[in-house]
Chemist: 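Take this structure, written in structure tokens, and hold onto it; I'll ask about it next.
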Amino acid sequence: MHLAYPAVLAVLLFCVGVYGVLARRNAILVLMSVELMLNAVNLNLVAFDVWLRDVVHSGQALTLFTITIAAAEIGLGLAIVLLVYRNRGSSDVDRLTDLAEPPEHGAPGHGDGTASGAGAADGTAADQNAEATA
Amino acid sequence: MNDTLDVLLRLVGVLVVFLVFPLLVGQTEHKVMAHMQGRLGPMYAGGFHGWAQLVADGVKFAQKEDVVPAEADRRIFQLAPAIALLPYLVVLIAIPVGPDGFVGQALDAGLFFVLAVMGVGVLGSLIAGWASANKFSLLGGLRTAAQLMAYELPMLLTAASVAMAAGTLSLPGIVESYHWWWTPWQIVGGLVFFTAGLAELQRPPFDMPVADSEIIFGAYTEYTGLRFALFLLAEYAGIVVLCALTTVLFLGGWHGPWSDGLGWLWTLVKTAALAFVVIWLRVSYPRLREDQLQKLAWTVLIPLSLAQIALTGVVKVVIS
Amino acid sequence: MTLTALAALVPLLPFLGAAAGLLLGRRAPGFVRPLAVLPTATSFVLAAVVAARQGTGDPTDAAHKLADTGSAPIYLALHLDGFAVLIAVLVGLVATCVQLYSTAYLRDDPRYPSYAALVSLFTAAMFLVVYSGDLMVLLVGWEIMGICSYFLVGHYWETETARSASIKAFLVTKLGDVPFLIGVFALAADAGTFRINGILTAATHGQLHHPTVIALLLLAGVAGKSAQFPLHTWLPDAMAGPTPVSALIHAATMVAAGIYLVARLLPVFTASAAALAVLAAMAAVTMIGSGLAALAQDDIKRVLAYSTIGQLGYMAAALAVGDRDAAVFHLLSHGAFKALLFLGAGVVIHAAGTNSLTTMSRTGSLAKRVPDAMWTMGIALAALAALPPLSGFFSKESVLRAAEHASAGDTAHVPQAVGWTVFVAGLAAAVLTAGYATRLFLLAFRGSGPDAPDHGRQPVVMTSVLWVLAVPTIAFGGLAYRELPDWFGGAPLGPTLLTSVLGTGLALVGVLITYGAWKAVAATRLAVPAGAVVTAEGDADAEPALVEAEAIATHEEVYGDIAAADDPGDPGRLLLGRLHRHAAHGFHLDALYGALFVRPVLAAAQLVRFLDRDVIETYVRGAGGAPRLLGAAVRKAQTGNIQTYLSALLAGAVVLAVLVAVGG
Amino acid sequence: MNHVAAHHPGFLSPTGVEITFVLVGLATLGAALLTVTTRQLVHAALWLVVALGGLAVEYLLLTAEFIAWVQVLIYVGSVVVLLLFGLMLTKAPIGRSPDADSENRWVALGVAAAAAVTLVWVVVDAFRSTWVDLHGVVQGSSHATGESLFRHWVLPFEALSVLLLAALVGAIVLSRRDGESAGAGSTSGTGKEKS
């Protein structure tokens, strides 16, 4: 078999994963895309391992490790996502912009009717969540 | 050509087993439960002791309207029973019945294959619960998934113990290397495996996720007719698979007197005996609460299975 | 203990006292007074012992190399000769008196600890200047005095007057110090050493290459420190400081330092006839101008300040005619009576509740209230006016004698014209001196009218100090003029018949004229009340310093001018006629300076401020604005959206990969 | 590889395995594309199952049998279940979510496409004529994999167990609700399952 087939498939899967990571809004979908990227790498590892007929099977061993780490990653990642969801009522990646540069003239408060859309949505979501947990 | 015919024959055999055995188990359950509870059970269908009751049930299910809730995710809703059922069919391929290749397909990593594919079955319940657009279903689905994840671990660990003992992952290979003293050696593992399997099948007393009196049959609340029957079928197929696996892994499979000729019979007998135990347990024990379920898995079964692995390892080193 | 060690202790003790006072001042108030008085008094005793042991013997020198500069090493050098030890005794005496006086004068001042420590430091610095045998070390003391004078003059920093006076004193003396410093370096460069002995040897042997330049540069510093025309303007304003500080500055330390330095370095000056001429002109202008100004001042302390300037002019004149013996003689006797005058003025101000002579002339009871001050000040004023047989007479006669000697062309290196200038100016100044001394006495103690508010009995310490100082005022000149030539190793200092007759006669003329004028305007004085006059009413037990501070602070409000009062009953007004107004303002020298220097400097500062704010700042703002705009643009990229960041990151990675793939 | 170079097949001489590989690969790729583009969140997870299963088949075709079953066991059996779990706990709606993709999608598309073009170009350029020999000793049997794993990779394997333990502890710690009563319903119960 041509090595190009698995290699190209891996590349395409990886890029699909890249697209998902960059474009998806829901954090869990982002995690799925990450899994796709990891699997693309795994495919590469396996294909090259078979091609090279590696005596120590480093490719397959590394694939196993990657799968294990991916499982651990997904566990932790989901725990984080659930925590975020619990605290904010949303798991949208592009709403988690606490590290953004604050607006020039200070964000209007919650009581302010002119609150920006995202800020208001966040605020109300957080409020609802607070009520729900209270 | 011969090969193709051989493969075809094997597959047909597996299919037949898959279609017949679960029904047998179901019928047995009817009768055994009835007798254990001091009642007659259904007696009319077919005449003799109501032998055709299951067939009648099937006809009834087939006649019922296949309702899909308006809010449900239609395709997934319809797909879920198949996802729940198919893995057991696939698993059956790899389970050896008798010596000398009396098996659907001997796989190098058969044990692994079996466990992996059985793990897929959980998806069926999960998406069934979600796709029903019913909060009881969702809760049931979540509980099912949680339970399966929890009991998967002791199951895998005890299976690993057997694989260590046999030195192979191939199911026929495991049975071949069986000795009588394996049963006492792996007895703890066997019990854990069987218990965990019961829990995976959501059989009583581990049927909290589908408890009809608590959450209205959990993930299957919205299912009617044939699709519901498929879920039931998956459950009984699961019993068959579990009992067969336990037989193969812990009870020596075809080993027994006159095993050269009657090996397949030994396997079937042992499987049937285990299936009887499964039914017996359903009648004997009350349902465990959800938290008790989790607690049993995490605080009893997993430590026990780890201890079994340790024991296996020690003995293996000693005798080698 | 060796002489050197004793001499070293003299400046060291007040210095340690000052350090201890500054450290302990707040924590142990009980130690402050002993720490102020005892080291100074001990130094005085030690200075006297050093003087006695040094005596008329050869100069004592001791040196320890302090720093090797590569060309002219700096030595920690002591040089003890007749001048040094005698001036040190004077410094010790005056400083001790001032410290004693201050204990009473500033008894309740919360800042007394730092004040006393600064006075001690001042004294130490002056001792250092006097004893130092190295110009660099001398300069250290010189600058310490400048700093201390800044702090001490500004003691009442709550008042605007004191603040500006202290800054003025500092700036004007620094103005002189800068050329002085250059002069010192030029001198050292020419002579190859900072040691004064070496410099003098070089000067005597004519090894200085630029004697005129150096002498003029040094003269600038001397004029600043010793308040000679045209850098004298800080001194009258420095009267805003407490009276003891004025006494210290005027009598023995700061102003004496300049004269002492010229006396020490006289060979450098005599090497240049031009420098002597300049010095003589300076002295002449100073003497006459200050006499006229003193005659017009209303503030009793300002009168004394101008008199100090005038007497320093005498000393400078003596130096101009090459007679440092006379100069130092006059310095010594002047130190004694001027300290007495200032300390007495402090008592008077306290008693009168004002520093205005106009007000005092309308106050009847002052003579009765402070008899000690009246008698001692009377003696001191007579000494100031050079009436025989007080010490001022002898010392001034020695100056006049030297001038006369020079005018006859008998002094080497000194041009005859210089001698004549000095002689004539000295005689004219004698008249003026007698005049303003008489005016001061008459206005202060011979006033008539209602009693001033009573401020209680004068502290015994203050009055007794006055009598202590009265002793040298009376006796020093007569006793010392025969001995001093032995100490100084110079020509006789005794009065000659011609100068005695001329000087005394002119002084008497001045006294009589003033008295006549005073009598002449008596009627006017009685007729014209001095308006809102009396200040510092109220608490009878108020601290003297407080009374003075209030008097200084309110003077301008009441009389409209810190220097003068528009009083038709003032004899000085009658005598000066139209000149009075100009004299009262120090001949508008301050205004001239204001126009010549202050305003251009302020304008330049305005220009600089404009350039800085509107020109340079524009560039700075522009330089800041561009990055800020850039930052704002870049900041827009910080959306907080991880996916955006990741996109950019991966896009960059792709670009790099392409570059590597293509380029590699 | 060298010993097969003599009868090196041409670039376009597909064998049966290759055809299967390509077909399964296309299915996998399609499923992956649907995973990242579908607007129904749970469908994305199910498409992910298909994609991962397809990859397992590809592993089988590459004779890496053990890896294939591990893939099924871990990914399909656990990871996807966890993902579904997460979706359901975060109240994933049934039907299309209009905002499944962020504003960033065109940039993402550009970056992904550029990366794909670049990498495909590079990979094809590099491995155009490289041939994988799938005959002979099976490369990925459980025996071979186990031997290499426990003969050459024991230390990394053990290190990995520590990592898993750390992840377990981390997930538990993250899932605990501080300051609330312990019996907080099903979420606290399922929190354990994530590890």
Side-chain angles (χ1 to χ4, degrees), chain B residues 69-77 79-80 83 87 90 107-123 125-127 129-134 137-139 141-153 156 163 167-170 173 290-291 293-295 297-298, chain D residues 40-43 45-50 52-53 56 60 63-89 91-96 138 140-146 168 172 182-183 185-195:
Chain B
E71 293 292 312
D73 191 324
R74 194 173 189 85
R75 267 187 300 170
I76 305 248
F77 185 84
L79 195 64
I83 296 179
V90 175
L107 290 167
D108 174 40
L111 180 59
F112 223 83
F113 167 77
V114 168
L115 293 172
V117 174
M118 274 174 74
V120 177
V122 67
L123 278 176
S125 298
L126 196 56
I127 63 174
W130 175 79
S132 302
N134 177 319
S137 299
L138 184 60
L139 262 181
L142 285 175
R143 283 186 181 186
T144 307
Q147 184 165 326
L148 262 60
M149 302 289 303
Y151 284 90
E152 184 94 0
L153 200 53
L156 278 172
T168 176
L169 285 172
S170 158
E290 183 64 29
D291 58 322
L293 273 173
Q294 295 291 340
K295 204 168 178 180
W298 291 99
Chain D
Q40 306 197 40
L41 304 183
V42 174
H43 288 198
L46 297 179
W47 284 122
L48 183 66
V49 172
V50 177
L52 297 176
L60 279 179
T63 70
E65 187 188 348
F66 186 77
I67 302 282
W69 300 133
V70 170
Q71 169 93 357
V72 173
L73 184 71
I74 302 290
Y75 271 112
V76 182
S78 307
V79 168
V80 173
V81 172
L82 279 183
L83 287 170
L84 281 171
F85 232 99
L87 282 176
M88 291 174 189
L89 285 178
K91 298 182 183 142
I94 290 174
R96 291 163 185 275
V138 176
S141 70
S142 47
H143 181 77
T145 310
L168 177 88
I172 290 175
S186 61
T187 26
S188 70
T190 53
K192 280 180 174 175
E193 264 56 67
K194 280 181 226 91
S195 50

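Model, not experiment: these values are computed from the prediction. Just so it is clear: chains get the letters A, B, ... in the order the sequence lines come, proteins before strands, and each one is counted from 1.
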Chemist: At a 4.5 Å cut-off on heavy atoms, which part of B:Ala297 comes close to chain D: side chain, backbone, both, or neither?
Modeler: neither

Chemist: With a 4.5 angstrom heavy-atom cut-off, which part of B:Ile76 approaches chain D: side chain, backbone, both or neither?
Modeler: side chain

Chemist: Under a 4.5 Å cutoff for heavy-atom pairs, which residue among B:Leu148, B:Ile127, B:Leu115 has the most contacts with chain D?
Modeler: B:Ile127

Chemist: With sequence neighbours left out, what residues match D:Ser78 under side chain to side chain contact (heavy atoms under 4.5 Å, CB included)?
Modeler: B:Met149

Chemist: Give the ring-plane orientation class for D:Phe66 versus B:Phe112, where under 30° counts as parallel, over 60° as perpendicular and anything between as tilted.
Modeler: tilted

Chemist: Less than 4.5 Å to any heavy atom of chain B: does that hold for the side chain of D:Gln40, its backbone, both, or neither?
Modeler: side chain

Chemist: Which answer fits D:Val70, side chain, backbone, both or neither, if we ask what part of it has an atom under 4.5 Å from a heavy atom of chain B?
Modeler: both

Chemist: side-chain contact (heavy atoms from CB on, under 4.5 Å) between D:Phe85 and B:Leu142: does it pass, once the steps are laid out?
Modeler: CA-CA 7 Å; D:Phe85 232 99; B:Leu142 285 175; 3.9 Å; yes

Chemist: Evaluate the side-chain proximity of D:Leu73 to B:Leu156: yes if any heavy-atom separation is below 4.5 Å, no if none is.
Modeler: yes

Chemist: Where on D:Leu87 is there a heavy atom nearer than 4.5 Å to chain B: the side chain, the backbone, both, or neither?
Modeler: neither

Chemist: Do any pairs count as a side-chain hydrogen bond (donor to acceptor under 3.5 Å, both in side chains) and have a residue in residues 111-122 of chain B, sequence neighbours left out, and if so which ones?
Modeler: none

